[in-house]
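Presented below is the structure to which this report refers.
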Amino acid sequence: MSADLQKRTIAKTLTWRVTASLTTFIIAWALTGDLLIGVSIGSIEAIAKIFLYYFHERIWNNISWAKN
C-alpha cells in the first residue's frame with residue numbers, strides 16, 4: 001500500500017472539513033437558535049481544524065504501523 005500524495009491529502013482534508021463544519025454549524029445553530037452564532041462557531045472550527053487534519057494525515061503517512 002502506498003502513501004497518499006500531498007494533493008490527495010489536501011482533497012481529503014477539504015471534503016472532510018466541509019462535512020464536519022456543516023455538522024458543527026447545524027448543531028451550534030440548533031442549540032443556540034441563532035444563525036450568526038452557528039456560522040461563527042462553524043467558521044472558527046473549520047479554519048482551525050483544516051490545518052490540524054492536514055498535519056495529522058501527513059504524520060500518519062509516515063508511520064508504518066499496520067500498513068501492508
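Bear in mind the structure is a predicted one, so any value in this text is a computation, not a measurement. Side chains included, hydrogens not; waters and symmetry mates left out as well; all remaining heavy atoms used.
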Report yes if some heavy atom in the side chain of [X] is under 4.5 Å from a heavy atom in the side chain of [Y]; otherwise report no.
{"X": "Leu14", "Y": "Ile50", "result": "yes"}
{"X": "Trp60", "Y": "Phe55", "result": "no"}
{"X": "Val39", "Y": "Phe25", "result": "yes"}
{"X": "Gln6", "Y": "Tyr54", "result": "yes"}

- Query: Honestly curious: do Leu35 and Ile41 fall in one hydrophobic cluster under the side-chain, below-4.5 Å linking rule?
  - Reply: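 Different clusters: Leu35 never reaches Ile41 through Ile, Leu, Val, Met, Phe, Trp or Tyr contacts under 4.5 Å.
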
- Using a cut-off of 6.0 Å, state whether more than 12 heavy atoms not belonging to Arg58 lie near its atom CZ.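 Count over threshold, so yes.
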
- Message: So which atom in Ala46 and which in Ser21 form the shortest heavy-atom distance, rounded to 0.1 Å?
- Response: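 Scanning both residues completely, I find the closest heavy atoms to be CB-OG, 3.1 Å.
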
- Query: Where is the tightest heavy-atom contact between Thr24 and Gly42, given as atom of each residue plus distance?
  - Reply: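 Looking at all heavy atoms of both residues, the closest pair is CG2-CA, 4.3 Å.
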
Euclidean distance, [Y] [atom2] relative to [X] [atom1], rounded to 0.5 Å:
{"X": "Leu5", "Y": "Ile10", "atom1": "CG", "atom2": "CD1", "answer": "10.5 Å"}
{"X": "Lys49", "Y": "Ile44", "atom1": "NZ", "atom2": "CD1", "answer": "12.0 Å"}
{"X": "Lys7", "Y": "Thr13", "atom1": "NZ", "atom2": "OG1", "answer": "15.0 Å"}

- Distance-only, no hydrogens or angles: does the Thr15 side chain make a donor-acceptor pair with backbone N or O of Lys12 under 3.5 Å?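 A pair under 3.5 Å: yes.
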
- Any side-chain donor-acceptor pair under 3.5 Å between Glu57 and Thr9?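 The answer is no; no qualifying pair exists.
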
